[in-house]
Number of protein chains: 2
Amino acid sequence: MKNTQATIRDIAIKLNISISTVSRALRGAPDVNPETKKAVLEMAEKLHYEPNRVAQSLRIKRTNTLGIIVPEIALHFFSSAISGMQEEASHHGYSIMICQSLESYETEKQNVHMLAANRVDGMFISMSSETKDYAHIQQLLNKNIPVVLFDRVTDSLQVAKVVVDDHDGAFKAVEHLIKTGCRRIAYIGGPLTFYISNQRKRGYLDALKQYNIAPDEELIVHCQELHHEPVERVKRLLQLPPDKRPDALFCLNDPIALPVLQMLKEQSIRVPEDISVVGFTNEPVSGFIEPSLTTVSQPSHEMGKKAIELFIQQNQDLDNFIPATEVMKTTLVVRNSTRKI
Amino acid sequence: MKNTQATIRDIAIKLNISISTVSRALRGAPDVNPETKKAVLEMAEKLHYEPNRVAQSLRIKRTNTLGIIVPEIALHFFSSAISGMQEEASHHGYSIMICQSLESYETEKQNVHMLAANRVDGMFISMSSETKDYAHIQQLLNKNIPVVLFDRVTDSLQVAKVVVDDHDGAFKAVEHLIKTGCRRIAYIGGPLTFYISNQRKRGYLDALKQYNIAPDEELIVHCQELHHEPVERVKRLLQLPPDKRPDALFCLNDPIALPVLQMLKEQSIRVPEDISVVGFTNEPVSGFIEPSLTTVSQPSHEMGKKAIELFIQQNQDLDNFIPATEVMKTTLVVRNSTRKI
DNA sequence: CTGAAAGCGCTAACAG
DNA sequence: CTGTTAGCGCTTTCAG
């Protein structure tokens with residue numbers, strides 16, 4: 001009593017016709033007698049027939065399934081991007097399979113293998129902060145499996161990408177800090193190998209330069225780990241002598257800025273009077289925290305949709321395909337963690 | 001140049017042995033010459049062989065894939081539950097496929113069909129608020145596809161379930177309101193057919209009863225739609241004459257309570273001085289909003305893990321399996337949207 | 001320890 | 001318009 005699932009064979013036998021006719025009828029092929037077709041459809045309904053996509057996939061060498069790898073499903077930026085992908089994918093008849101790397105390079109590699117073994121038709125990857133070797137992804141390309149990177153990307157790979165203009169977003173954020181009177185602006189970033197962190201750092205440095213503020217190495221922090229280290233590093237910055245101390249913090253992202261804000265509150269350091277704080281991403285929490293967080297907003301849902309669109313385009317014209325990088329605009333959302341102009 | 005993927009056949013030919021031997025070696029079967037095995041493994045590595053799970057699945061009639069259907073991926077409760085399922089599933093060698101119903105019954109049905117067509121080994125469903133007919137799920141059971149319902153469940157189906165003690169959570173929430181001096185407590189719920197809404201309503205009514213407060217039908221609201229309607233309905237409640245007006249709102253969940261809180265702020269109605277508000281779920285935002293929201297916390301990540309565990313158990317002992325309902329404990333999180341005792 | 005052969009459920013020529 | 005046939009890549013008897 002295991003697999004009670006009906007097959008086209010069952011339908012064929014019941015109707016005393018061949019399985020190929022059933023197959024054709026089911027798929028709505030043009031050259032099939034309307035009566036036969038009707039009979040097949042009715043019998044399928046009656047037997048609760050459900051096409052076996054596994055068998056189909058094996059035969060047609062396509063699974064109509066897309067694989068997604070993100071660092072952490074539960075982070076709003078990613079769940080929102082996934083949601084966008086899911087919607088767009090289902091419009092095009094694709095199912096999605098999801099993995100999380102939990103910011104581990106090894107897990108990410110395993111995820112890639114698992115999805116490859118499942119023969120997904122394409123992979124959508126936002127890389128772990130640990131990842132600095134891209135052989136596992138290059139291998140997919142060698143096997144002609146389309147890859148779209150989003151948000152957490154790298155220059156080392158010739159593939160379609162969906163990113164925001166990190167440099168521009170960071171520039172606008174830091175410019176805002178400068179315009180509101182901050183001069184000793186610290187950058188709280190991620191690992192040195194972390195692409196988006198470096199892009200945002202470049203934007204930070206360029207803004208300083210434009211306003212003739214000399215960067216101070218002491219105020220540029222690279223965290224290896226993003227959960228606990230940032231708060232500790234900021235604490236250390238606050239212990240610098242008064243003239244060395246930062247008067248603003250530009251954080252790699254909101255998940256870093258929020259606990260920092262929390263810590264400042266605990267230490268009774270006033271924001272923005274004593275120190276300004278800016279994040280990146282615009283998590284839903286950020287608008288509600290007290291003081292609300294000034295941040296750079298990324299269109300997560302749209303980025304997800306766009307990633308799928310890029311894949312669809314690429315598939316339509318496989319031969320002369322040039323990997324496109326879609327750069328989406330960020331918006332500076334000014335709230336209360338920075339001073340008024 | 002399409003599928004450059006190596007197969008066991010390729011390995012067999014290169015090594016001049018039979019494909020069955022390759023298959024055995026790859027799966028680490030016991031009865032295979034260590035030398036042959038070594039050669040096979042090396043050749044597999046060399047050819048970047050990746051087992052074809054599609055073919056495997058067709059043959060062994062198991063896909064090692066689990067299907068998940070939630071109303072909305074981007075809601076924190078669900079993305080957190082999914083994250084828990086993903087982790088637990090991958091421990092047991094399962095991949096996961098994800099769909100969202102977007103609170104639509106029709107979409108939910110399509111999702112079920114799609115996952116069934118993909119021959120997932122089990123389905124994990126949190127039903128849409130629209131769903132009041134369960135034939136689509138009953139059909140899965142008839143086909144011996146294990147189903148685990150979580151959070152959004154129903155009594156009408158004999159399946160494994162993971163829920164929180166909604167009645168108890170609601171009771172505690174309302175009891176807290178009463179103890180802090182509220183007497184005209186409104187319940188802002190979902191559709192009459194929405195199981196969890198009714199459970200929470202029961203908890204609400206029982207708390208009133210226990211404290212000898214007569215329920216007032218006027219204060220019990222059932223919203224058909226959960227995005228805009230609740231705020232409108234609360235506005236109407238506030239227009240009641242002073243002696244009829246509620247002094248507290250117990251909301252079905254945080255996604256309802258938060259916009260309500262926002263609206264009260266806009267209307268300069270003080271919380272909790274003029275009116276207390278309690279939610280359910282404990283979204284991350286809820287602790288940060290001003291005033292922070294008193295709510296009932298659900299262990300979303302753990303619920304996800306538990307759902308997978310239930311499925312694994314069920315699979316180990318298919319014959320004498322009795323569908324278990326796992327009831328998890330909620331915690332009342334007292335914050336600033338309710339008065340102090 | 002290894003090979004031959006059958007078949008999972010379906011599609012796609014090809015022939016009528 | 002319909003049936004026959006040959007696989008897709010893999011596992012699994014059954015013989016050696």
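Labels below follow one simple rule: chain letters A, B, ... track the order of the sequence lines, proteins then strands, and each chain is numbered from 1.
- Residue S23(B) is classed as a base contact, given a heavy-atom separation below 4.0 Å to a base.
- Ring centers of F150(B) and F124(B): at least 6.0 Å apart, outside the cut-off.
- Atom CG of L26(A) is separated from atom P of dG9(C) by 15 Å (rounded to the nearest Å).
- Between the P atom of dC8(C) and the CZ atom of R53(A) lies a distance of 22 Å, rounded to the nearest Å.
- Applying the salt bridge (charged side-chain N to carboxylate O under 4.0 Å, His left out) rule to pairs touching residues 120-131 of chain A yields nothing, sequence neighbours excluded.
- To the nearest angstrom, P of dT13(D) lies 10 Å from CZ of R27(B).
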Any protein N or O atoms within reach of nucleotides 2-4 of chain C? Criterion: under 3.5 Å, listing atom names and distances.
| residue | atom | partner | partner atom | Å |
| --- | --- | --- | --- | --- |
| dT2(C) | OP1 | T36(B) | OG1 | 2.8 |
| dT2(C) | OP2 | N33(B) | N | 3.0 |
| dT2(C) | OP2 | T36(B) | OG1 | 3.3 |
| dG3(C) | OP2 | S18(B) | N | 2.9 |
| dG3(C) | OP2 | S18(B) | OG | 3.1 |
| dG3(C) | OP2 | T21(B) | OG1 | 2.7 |
| dG3(C) | N7 | R24(B) | NH2 | 2.7 |
| dG3(C) | O6 | R24(B) | NH1 | 3.2 |
| dG3(C) | O6 | R24(B) | NH2 | 3.3 |
| dA4(C) | N6 | S20(B) | OG | 3.4 |

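- The stretch residues 95-105 of chain B participates, sequence neighbours left out, in these salt bridge (charged side-chain N to carboxylate O under 4.0 Å, His left out) pairs: E103(B)-R152(B).
- Residues P30(B) and Q56(A) each lie close to DNA chain C; by heavy-atom proximity, the contact nearer the 5' end of the strand is made by P30(B).
- Atom pair R9(A):CZ and dC10(C):P shows a separation of 11 Å (rounding to whole Å applied).
- Checking the phosphate oxygens (OP1, OP2) of dC8(C), no side-chain nitrogen or oxygen of R62(B) falls inside 4.0 Å.
- Of the side-chain N and O atoms in R119(A), none sit less than 4.0 angstrom from OP1 or OP2 of dC8(D).
- Close to dG7(C), at under 4.0 Å from its OP1 or OP2, lies no side-chain N or O of K61(B).
- Taking the salt bridge (charged side-chain N to carboxylate O under 4.0 Å, His left out) definition, one finds that K161(A) meets it with nothing, sequence neighbours left out.
- Annotation: salt bridge (charged side-chain N to carboxylate O under 4.0 Å, His left out) contacts involving residues 38-54 of chain A, sequence neighbours excluded, comprise K38(A)-E42(A), E50(A)-K143(B).
- Remark: C1' of dT2(D) and CG of L15(A) are 13 Å apart, rounded to the nearest angstrom.
- Among pairs with a residue in residues 6-28 of chain B, none fulfils salt bridge (charged side-chain N to carboxylate O under 4.0 Å, His left out), at least two apart in sequence or across chains.
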